[in-house]
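Taking it in order: structure first as structure tokens, then the write-up.
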Amino acid sequence: MPQASTDTDLTTCDSEPIRTPGSIQPHGFLLALSPQLEVLQVSDNLADFTGIPPEKALGRPLADVIGARSAQALEHNLRGGQLRERPAYIATVGLEGEPFDVLAHAYDHLLVLEFERARGTIEAGIQQLYPLVGDFLNKISDADTIVELCQLAASEIRALTGFGRVLVYCFDEEGHGNVLAECLGEGYDGYLGQRFPASDIPRQARELYLANRIRLIQDADYQPSRLVPAENPLTGKPNDLSFASLRSVSPIHLQYMRNMGTMASMSVSLIVKDKLWGLISCHHTEARHLSFHQRSVCEQLGQILALRIRNRADADQMQFRLEVRRVMVNLLGGLTQGADFIENLRSVLPELLRFARAGGVAIVVDDRLISYGHTPDDDQIRGLVDWLSANVHEDLFHSDRLGTVYPEAAAYTASASGLMAMQISRIHQHYLLWFRPEVVYSIDWAGRPEKMEKSPGMLSPRTSFTSWREAIHGTSAPWHEGELELALEFRTALLGIALERAEQMADLAEELGRANKELEAFSYSVSHDLRAPLRHIVGFSDLLMETAGSDNPERRQRFLVNIKESARLAGKLVDDLLSFSQMGRAALRPVRVRMDDLVRGCIEKLAPDTLARRIDWQVSPLPVIVADPSFLQLALYNLLSNAVKFTAQSDPAVIRVTSEQLPGEIVFHVADNGVGFNMDYAHKLFGVFQRLHRMEDFQGTGIGLANVRRIVERHGGRVWARSAPGEGATFSFALPTNINTNTDKV
Amino acid sequence: MLKPILLVEDNPHDLELTLIALERSQLANEVIVVRDGADALDYLHARGSFANREQGNPAVVLLDLKLPKVDGLEVLAEIRGSATLKSIPVVMLTSSREEQDLIRSYELGVNAYVVKPVDFQEFVRAIADLGIFWAVLNEPPPGSHRYVKPQ
């Protein structure tokens with residue numbers, strides 16, 4: 001593993017003070033000013049450009065150092081606080097007869113002016129440079145892949161700057177730079193497809209690349225020019241030169257460049273979503289000068305490239321997610337099919353594999369284990385699950401080198417170098433495991449990935465840049481962020497299904513509980529109410545036999561009548577019970593029903609029983625509703641025949657049927673002027689075989705109102721009754737306006 | 001002299017059969033019949049239509065389980081909850097041996113629970129035994145009113 005050896009070296013480089021080197025590259029000079037434009041610090045090469053020794057410049061107004069005309073040209077831009085921390089070009093001024101570009105930035109409490117010779121190695125004015133940007137934009141919008149984009153950028157930058165080698169590379173998760181594209185001049189070695197070790201660019205250099213997007217080293221052989229005085233006079237600390245164009249770089253880096261045979265280099269940061277995605281890295285075998293404008297254009301090209309990479313990556317990511325989500329939708333569809341969750345999972349095993357682009361998948365639910373595809377054996381999987389439940393507490397665990405965190409996995413790297421484990425339940429040992437096989441691959445390192453080579457007595461950067469091939473074992477294809485996010489999404493959906501199932505089970509249990517209660521009531525009724533008439537038949541038959549031959553024919557006659565009545569009652573009880581139980585099972589078929597018609601039908605059906613009676617039917621106009629007509633007619637018939645029955649002593653009987661619309665429901669009332677009932681017993685009215693009157697007073701088995709309640713409740717409605725003894729009764733039922741046609745309820 | 005037996009029965013056929021059985025047991029006790037639970041309580045509390053009945057509690061209450069308005073278990077509960085009625089012997093007479101009824105009845109403090117036999121001879125015997133035991137052999141709790149039949 002290359003990491004082990006490089007980590008230590010990285011920390012060595014991490015401590016280099018790259019932001020505060022205390023010196024600059026000597027191809028230009030630096031003046032640090034107070035807000036009053038008094039010179040507070042200078043680079044010690046000042047005299048090379050202006051003829052003024054540093055100590056003579058300190059404490060003087062700017063004009064005294066660069067001349068009144070030049071100072072005047074700059075002053076306007078230096079006052080008024082427009083300067084930012086990134087250097088801005090403010091003017092070109094003449095010094096000792098030579099034009100200098102002046103860059104200014106405000107940072108670390110100072111106004112920092114940097115003067116660079118305006119002429120670059122390649123003559124390029126603004127007029128020539130900016131059309132290049134437009135041209136690049138056109139070309140780059142046609143490119144389809146990230147590699148193509150990078151290739152275009154490499155060619156463009158080489159054309160623009162004349163660097164002999166332009167590489168575009170991106171950093172992988174471990175920080176190694178993979179060369180995606182290059183453009184080479186004659187005599188330059190290619191690095192395409194090779195990998196630069198992460199140790200080549202220390203952590204703090206990466207941070208600086210994020211802040212300052214371009215860096216140029218014109219001549220690796222330069223002798224740094226120190227700042228005078230050495231520390232920022234306003235802070236008393238070494239100057240922070242993070243944003244200075246002329247900032248001097250680490251001597252280790254210069255040695256690295258010389259080892260590589262590179263005398264000039266430029267790096268342009270590729271920043272995608274606030275992260276250092278990669279670099280455009282330019283090398284040249286000789287010293288090379290680029291003007292500020294050339295560098296600016298390179299920086300812009302870098303920004304354009306980064307933007308396009310981001311779009312492309314987003315689009316690729318989107319495409320990828322779309323595909324995975326499509327698989328997931330299929331999966332979830334399959335999972336909701338049957339009753340057994342595990343069996344459902346078993347039916348979608350191929351999709352489960354495809355979902356995570358895995359080689360094998362295993363489902364572990366307590367003692368059950370289902371595996372599919374290329375997986376470790378059952379015992380190994382159980383061992384892994386035990387390890388997971390003891391050591392991993394996140395919902396999702398992943399590794400593309402399982403053997404490094406769980407040594408036992410080294411035994412089955414072939415099938416499971418990669419693992420994504422999803423915990424389905426936090427309480428039980430329920431896991432979904434995806435395995436990815438080992439992918440043995442080789443890395444072409446651009447030199448052995450050890451930056452520091454120990455030469456006696458001192459640390460020195462690596463000297464070998466010849467390609468070195470390394471074979472990597474025990475790793476799988478990496479799990480991408482998108483895959484992990486979708487896996488979490490999948491988990492949420494799974495839990496949703498599980499939850500829904502739990503609710504269904506609860507509903508079912510409730511439903512069963514209700515059915516069971518009715519069944520209990522049913523059997524209770526059978527044991528009580530059906531036994532009674534049978535016992536009576538036996539009893540009166542015995543009595544009849546005893547009295548055989550006796551001379552009491554009236555008595556015998558009454559016994560016979562009793563036997564007949566009991567037999568008839570037993571038959572009716574059986575019928576009623578059966579109809580009641582059927583009512584619970586038969587499916588409702590709701591349609592639009594005219595209540596007027598139903599009521600009229602019932603009254604006609606009652607006519608034979610009421611011939612001898614005076615009944616004043618008062619039926620208000622009734623609405624059309626949605627309900628099962630045959631069930632509802634039965635309920636209505638029960639209510640109306642009850643009203644007829646309990647008004648037997650009223651003359652005339654008055655039976656009124658009315659309705660009222662309430663929010664969300666329609667209520668129907670059947671009111672009579674009959675014997676009524678005591679409200680104390682109202683709660684018993686609608687129970688099976690409950691009676692409030694003596695049998696010989698009013699006929700019936702006591703099932704009518706139970707039927708009414710059952711029918712109305714199956715329509716999602718409710719029933720109730722109001723009365724006072726002797727003052728008649730009003731039976732009411734409400735049906736919801738939107739009937740939930742739950743037809744398969746028990 | 002003898003306290004009456006209170007028979008609470010709504011079913012006319014059951015009533016007829018029970019009365020025949022009691023008649024055959026040749027008990028001297030008067031049998032008072034009420035047809036539902038509400039009437040039974042009115043009788044026991046000597047209220048409503050029974051406000052003017054003779055003083056005193058019955059020797060035993062033969063109570064059907066399923067009754068209109070107030071069922072047998074409710075009557076039993078009220079008897080056991082009342083200071084003046086709680087010591088009256090109560091016998092549940094019922095059609096079936098439903099466990100829930102048995103449990104409830106004993107929880108409420110029933111003195112006996114009798115499933116009416118289907119065979120009439122057995123039924124007669126059962127009723128006679130009940131009558132003799134509760135109305136004759138059983139010594140009522142001390143302090144309970146002696147029923148004095150008006151001369």
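Proteins get letters first, then strands, A, B, ... in listed order; numbering begins at 1 in each.
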Flag yes if more than 12 heavy atoms outside B:E99 fall under 6.0 Å of its CD atom; otherwise flag no.
no
Do other residues, nucleotides or ligands put more than 12 heavy atoms under 6.0 Å from the CZ atom of B:R80?
yes
Residue by residue, scan residues 537-544 of chain A and write down, ordered by number, those that have a heavy-atom distance under 4.5 Å to chain B; if none do, write 'none'.
A:V538, A:G539, A:F540, A:D542, A:L543
Rounded to the nearest 0.5 Å, how far apart are OG of A:S566 and CG of B:D14?
9.0 Å
Answer yes or no: does atom CD of B:Q100 have more than 12 heavy-atom neighbours from other residues, nucleotides or ligands under 6.0 Å?
yes
Any idea which heavy atoms bring A:R531 and B:S95 closest together, and the distance?
CD-O, 3.1 Å
By ring pair (Phe, Tyr, Trp, His ring centres under 6.0 Å) - contacts of A:Y637 (at least two apart)
none
Heavy-atom proximity to chain A below 4.5 Å, by part of B:E74:
side chain
Just checking A:R558: does its CZ atom have more than 12 heavy atoms from other residues, nucleotides or ligands closer to it than 6.0 angstrom?
yes
What part of B:V70 gets closer than 4.5 Å to chain A, counting heavy atoms only: side chain, backbone, both or neither?
both
NZ/NE/NH1/NH2 to OD/OE distance under 4.0 Å, B:D119 and A:R535:
no
Any side-chain heavy atom of B:E16 within less than 4.5 Å of one from A:F559?
yes
Between NE2 of A:H536 and NZ of B:K116, what distance do you get to the nearest 0.5 Å?
6.0 Å
